[in-house]
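Given the structure is predicted, the values throughout are model-derived calculations rather than measurements.
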Amino acid sequence: MTHRPTTLERAYELAREGRCRTVSDIKQALSSEGFDRIQDSLYGPTLSAALRKLCQEHYVAPVEQISPSQEAG
């Protein structure tokens with residue numbers, strides 16, 4: 001049996017992974033992963049501030065792919 005993290009645990013994981021820039025990004029990622037009751041689980045200014053801070057500390061912007069025609073330009 002595999003362990004699935006709670007919504008809150010996964011939210012913190014996503015904030016630390018560096019893919020989410022905002023709390024809204026975390027909520028979208030959770031939704032796409034099939035979590036439910038996200039708004040209920042991530043409610044409150046203290047929690048939002050903590051997740052926002054983690055996002056800001058760990059966010060890494062995706063590297064944009066440059067096409068060969070743009071390189072030559």
Please output the side-chain donor-acceptor pairs of residues 44-60 that fall under 3.5 Å, not counting sequence neighbours, one pair per line with the distance.
from  : atom 1 : to    : atom 2 : distance (Å)
Ser48 : OG     : Gly44 : O      : 3.1

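- Every residue two or more places apart in sequence or in another chain that forms a side-chain contact (heavy atoms from CB on, under 4.5 Å) with Thr7 is listed here: Leu30, Phe35, Ile38, Ser41.
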From CA spacing to verdict: side-chain contact (heavy atoms from CB on, under 4.5 Å), Arg10, Arg4:
CA-CA 9 Å; Arg10 185 62 182 136; Arg4 178 181 167 112; over 6 Å; no
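- For Arg21 against Asp25, the heavy-atom pair with the smallest separation is N-OD2, 2.9 Å.
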